[in-house]
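Heads up: the structure comes next, in structure tokens.
The structure presented is a predicted model; accordingly, all values stated were derived computationally and were not measured.
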Amino acid sequence: MRRDEGQCTTKYSDGRRCEQPGTDVDHVVPHSLGGSDDLSNLALTCSWHHARKSSSEGGTAAALTRASVHRKPPTHPALDD
């Protein structure tokens with residue numbers, strides 16, 4: 001909290017930093033994607049930005065564990081040799 005000055009560290013597309021108080025410690029790279037608990041991988045965020053980021057990461061982690069199924073494309077009987 002001291003390092004991030006008690007403020008959310010999320011930056012907007014125009015470069016401005018979120019002005020809300022930092023209430024949550026966020027893993028920049030989450031455990032599910034290989035992140036660690038090192039201080040360099042932690043950032044202070046407001047609860048809104050933390051929830052938004054975590055929601056997006058959950059989908060990414062789930063996609064990595066989902067089995068990929070590739071089916072042969074169907075052909076029309078008239079085109080078979």
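Taking each heavy atom of Arg3 and Leu39 in turn, the nearest pair found is NH1-O, 3.0 Å. In terms of heavy-atom proximity, Cys8 sits nearest to His49 at SG-ND1, 3.7 Å. In this structure, Asp24 and His50 approach most closely via the heavy-atom pair OD2-ND1, 3.0 Å. The shortest heavy-atom contact between Lys53 and His27 is NZ-O, 2.9 Å.
For Asp14, the salt bridge (Lys or Arg N to Asp or Glu O under 4.0 Å) test picks out Arg16, with sequence neighbours left out.
Remark: side-chain polar atoms of Thr10 are not paired, donor with acceptor, to backbone N or O of Cys18 under 3.5 angstrom.
When each of Asp26, Leu42, Thr45 is paired with Thr9, the side chain to side chain contact (heavy atoms under 4.5 Å, CB included) condition holds for Thr45 and for no other.
Put simply, SG on Cys46 and CD on Glu19 are 11.0 Å apart, with the number rounded to the nearest 0.5 Å.
Heavy-atom neighbours of Arg52 CZ from other residues, nucleotides or ligands within 6.0 Å: at or below the threshold of 12.
Looking only at atom types and distance, the side chain of Asp37 has a donor-acceptor partner in the side chain of His31 under 3.5 Å away.
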